[in-house]
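Notes follow the structure.
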Amino acid sequence: MFVTFEGIDGSGKTTQVELLRAELERRGHEVVATREPGGTELGEGIRRLLLHGVDMAPWAEAALFAAARAELVVERIRPALERGAWVLSDRYFDSSLAYQGVGRGLGVDAVLELNLAVTGSLWPDRTFVLAGARRQEGAPDRLERAVALQEGAAAGYAELAARFPDRVAVLDGTRAPDQIAEEIRARLGLS
Ligand code: TYD
């Protein structure tokens, strides 16, 4: 299973990846957890450009996220899925659909087309969007400073849930982490 976690910055995604990983490992499954942008050497370099580099055109931003994702799919995600591991990703292409497609106004369809090309049409099996919570830690990076982008992304996630109801579930992220984790396990049929 390929499960992705989405939400605006500080929505608690990383905690949920760790809780689900622990549960799956307890049940004896191999788990590969990864994060975007990053997760490969190339991706970490691209991450620095995106978060701490100069301003760039919206399509340049979308293309850099897509480049990091293309590498992550080839190096880590596909090999793991092929040997039967669970893959849990802290963000995947729905981030680009929400942030670049809606937040930057490039259009969900155009950004989806780019992402299907660069991932070889690798769709997540299930996607959990954690909504409602926002914790800001440390100094904001280039993307966190873009308030309209963050607001657009929140609206974008709602749009994605409506468009892909069988895959994307929006969860109330203001609850205690254990409660959210329980709902995720139930939705994955692990309870
Ligand atoms: P990061 O520090 O990883 O944030 P978080 O811990 O919230 O995941 O920064 C990732 C930032 O990049 C975040 O603001 C969302 C943004 N982003 C996009 O705009 N498009 C994308 O495709 C991805 C993966 C992230």
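Note that ligands are numbered from 1 as they come in the structure, with each ligand's atoms numbered from 1 the same way. Please read all numbers here as calculations on a predicted model, not as lab measurements.
Close approach to L143 involves these atoms of ligand 1, each under 4.0 Å from a residue heavy atom: 11 (C), 12 (O), 14 (O), 16 (C). Near R47, meaning under 4.0 Å from one of its heavy atoms, ligand 1 places the atoms 1 (P), 2 (O), 3 (O). Under a 4.0 Å criterion applied to the non-hydrogen atoms of S96, ligand 1 contributes the atoms 21 (C), 22 (O). The distance from ligand 1 to the heavy atoms of K13 drops below 4.0 Å at these ligand atoms: 5 (P), 7 (O), 8 (O). Listed by atom number, the atoms of ligand 1 under 4.0 Å from Q100 heavy atoms are 18 (C), 19 (O), 20 (N), 21 (C), 22 (O). For ligand 1, the atoms closer than 4.0 angstrom to any heavy atom of R69 are 21 (C), 22 (O), 24 (C). The atoms of ligand 1 that sit less than 4.0 Å from any heavy atom of Q150 are 14 (O).
Using a 30° and 60° split on the angle between ring planes, F93 and W123 fall in the perpendicular class, above 60°.
With no hydrogens or angles considered, a side-chain donor-acceptor pair links T4 and T127 at under 3.5 Å. Using modelled atom types, one finds a donor on one side chain and an acceptor on the other under 3.5 Å when comparing Y157 with E6. Between the side chains of R91 and Y99, at least one donor N or O lies within less than 3.5 Å of an accepting N or O.
Closest to atom 4 (O) of ligand 1, if we only count protein heavy atoms, is D9 OD1, 3.2 Å. When only non-hydrogen protein atoms are considered, atom 9 (O) of ligand 1 lies nearest to L51 CD1, 3.8 Å. The nearest protein atom to atom 18 (C) of ligand 1, hydrogens excluded, is given as F65 CZ, 3.1 Å; this is a heavy-atom distance.
Using a 4.0 Å cut-off between charged nitrogen and carboxylate oxygen, R175 and E182 do not count as a salt-bridge pair.
For a threshold of 3.5 Å applied to N or O pairs, the pair formed by R91 and ligand 1 contains at least one separation below that value.
Put simply, the residue from R167, R126, R69 that forms a salt bridge (Lys or Arg N to Asp or Glu O under 4.0 Å) with D94 is R167.
Between the side chain of E44 and the backbone N or O of G39, at least one donor-acceptor pair lies under 3.5 Å. Counting only distance, with no hydrogens or angles, the side chain of R76 and the backbone of T34 share no donor-acceptor pair below 3.5 Å.
No part of L149 comes within 4.0 Å of ligand 1, judged by heavy-atom distances.
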